Amino acid sequence: MPELPEVETVMRGLTPVMVGATIKTVDQRRADLRIPFPDNMKKRLEGRQVLSLNRRAKYMRIFLDDDNVLVIHLGMSGRMSIIDKGIRYSPQLHDHLILTLDNGVRLVYNDPRRFGMVFMTSAAELEHHRAFSHLGPEPLGNKFSGPILEERLKGKKTGIKQALLDQRVVVGVGNIYACEALFQAGINPAKQAYLVKGDKAEKLAAAIKDVLRRAIKAGGSTLKDYRHADGELGYFQHDFTVYGKEGEACLNCDCNVIKSGGIKRLVQSGRSTFYCARKQK
DNA sequence: CTCCTGTCCTGCCGGC
DNA sequence: TGCCGGCAGGACAGGA
């Protein structure tokens, strides 16, 4: 589920409750998610104060006062909830990790499919960790632009859609926002990646930024403090223009949808792509 | 190197 | 109604 905007929204929701707080207890309810939980995680976390949080790609990174970092990836189905002090809580199905803070707040990580990841590393080693060392630029950072995207796409003969999902090209873009950005840029998802250059690369980079920024804004503005009444963070109603809309009319559509079939679905590298064959060339 | 496929896991939805 | 196949927003390994 979560792509960059959702992870960003979850992180913004966690930040005010975690920063400055100390982790009092760790309730680890199984041994692993996609990979085993860190060795001695409970011992290594209990008593640690949280200094800060940030996000890199789709990973949340929680910096601790002993120079270690707790890294959380939500995978496909991971969710985070904040249970306020004094609220009754008993673990639900797929609640795998519960952190109780000294301010009385409980943080619950729930993940039915268990594609998520939790690991720890030292702050010094963080960027050299195998999860981070190969990553491309942050799309909302100042090191991302048309020319940089073009450079990263050089030599790639695969479809531009698949290339956008490659975290070495640009991070944080997942299946939904790849489709949405390509629609906005008017680029056919099957176009070979290396052919996206010049104005097209410029347009695509701008579309990626715009689509992600708008989604983050939606997450922040439709949710009070980024959280639902039940404490769940980061999941908000999107209004996608093409994703999941096979057969429907696209934005500002002037086709005869009955005749054209509307938005098309195709499978690329085993993942669904949605696009408009008329507007995306 | 690139590219493609399969895999991890559970839940849900549509068709028969 | 129940069962079954297909699909789901990610990342990685392995092989061509």
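Chain letters run A, B, ... following the sequence lines, proteins first and then strands; every chain starts at 1. Only a predicted model underlies this, so the values are computations on that prediction, with no experimental measurement involved.
- Atom CG of A:N142 has 12 or fewer heavy atoms from other residues, nucleotides or ligands within 6.0 Å.
- Remark: aromatic rings of A:F119 and A:H129 are close, center separation under 6.0 Å.
- For the pair A:L153 CG and B:dT2 P, the interatomic distance rounds to 12 Å; values are reported in whole Å.
- Taking atom CD1 of residue A:I35 and atom P of nucleotide C:dG10, one finds them 17 Å apart after rounding to whole Å.
- Under 3.5 Å, the side chain of A:R271 and the base of C:dA8 form no donor-acceptor pair of N or O atoms.
- Spacing between atom OH of A:Y243 and atom P of C:dG9 amounts to 3 Å, rounded to whole angstrom units.
- Residue pairs meeting the salt bridge (charged side-chain N to carboxylate O under 4.0 Å, His left out) criterion with at least one member in residues 19-37 of chain A, sequence neighbours excluded: A:D27-A:R29, A:R30-A:D32.
- The distance from atom CG of A:L135 to atom P of C:dA11 is 9 Å, rounded to the nearest whole Å.
- Under a hydrophobic-cluster definition in which Ile, Leu, Val, Met, Phe, Trp and Tyr are linked whenever side-chain heavy atoms come within less than 4.5 Å, directly or via other members, A:V171 and A:I208 are assigned to different clusters.
- One can place CD of A:E3 at 5 Å from P of C:dG10, the figure rounded to the nearest angstrom.
- Regarding A:L212, its CG atom lies at a distance of 13 Å from the C1' atom of C:dG9, rounded to whole Å.
- By the 6.0 Å contact criterion, NZ on A:K157 is open, its count of non-hydrogen atoms from other residues, nucleotides or ligands being 12 or less.
- Contacts with DNA chain C (heavy atom under 4.0 Å) in residues 180-193 of chain A: none are found.
- For A:K245 and C:dG9, the NZ to P distance is 16 Å, given to the nearest whole Å.
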